[in-house]
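Below you'll find the structure, written out as structure tokens, and then a few comments.
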Amino acid sequence: MRWVRQPRRNELWRVSHAYHPTVAVRLICWFPPGSETVVVVLFAGDKAKFGDVFYDGVAARADPMIDQWKRETSFEEKP
């Protein structure tokens, strides 16, 4: 796992895999603080042609999904 450098409200992580010119899988995860849970917020396959451009909008797409997960599970972050 590697940290996603474009976070907004939540610290995001991505699965790191070896470079291959024709294959790229993007799996973006969030680990709720104080929990043993992992939330998979984004998954994309066949993104090799996009390169790192995919990560430019990751936080904008992930934050609303994390907020939805928090509402559905009644998750409250502890200070």
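Values below: every heavy atom of this structure, side chains too, minus hydrogens, waters and symmetry copies.
Atom OG of Ser74 sits about 10.0 Å away from atom CH2 of Trp69, to the nearest 0.5 Å. To the nearest 0.5 angstrom, Cys29 atom SG is 4.0 Å from Met1 atom CE. Residue Asp67 holds its CG atom at 4.0 Å from CZ of Arg9, rounded to the nearest 0.5 Å. Here the straight-line distance linking atom CZ of Arg61 with atom CE of Met65 works out to 7.5 Å at 0.5 Å rounding.
Judged purely by atom type and a 3.5 angstrom limit, Asn10 has no side-chain atom pairing as donor or acceptor with the backbone of Asp63.
A perpendicular orientation is assigned to the rings of Phe31 and Trp13, their planes being inclined by more than 60° (bins at 30° and 60°).
Between Val58 and Leu12 there is a side-chain heavy-atom pair separated by less than 4.5 Å.
Of all the heavy atoms in Pro32 and Phe75, the pair that sits closest is CB-CZ, 3.5 Å. Here the shortest heavy-atom pairing between Trp30 and Lys70 reads CH2-CE, 3.6 Å. When all heavy atoms of Pro64 and Ala59 are compared, the pair lying nearest together is CD-O, 4.3 Å.
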For this session: Would you check, one step at a time, whether the test side chain to side chain contact (heavy atoms under 4.5 Å, CB included) holds for Val40 with Ile28?
Result: CA-CA 6 Å; Val40 175; Ile28 308 299; over 6 Å; no
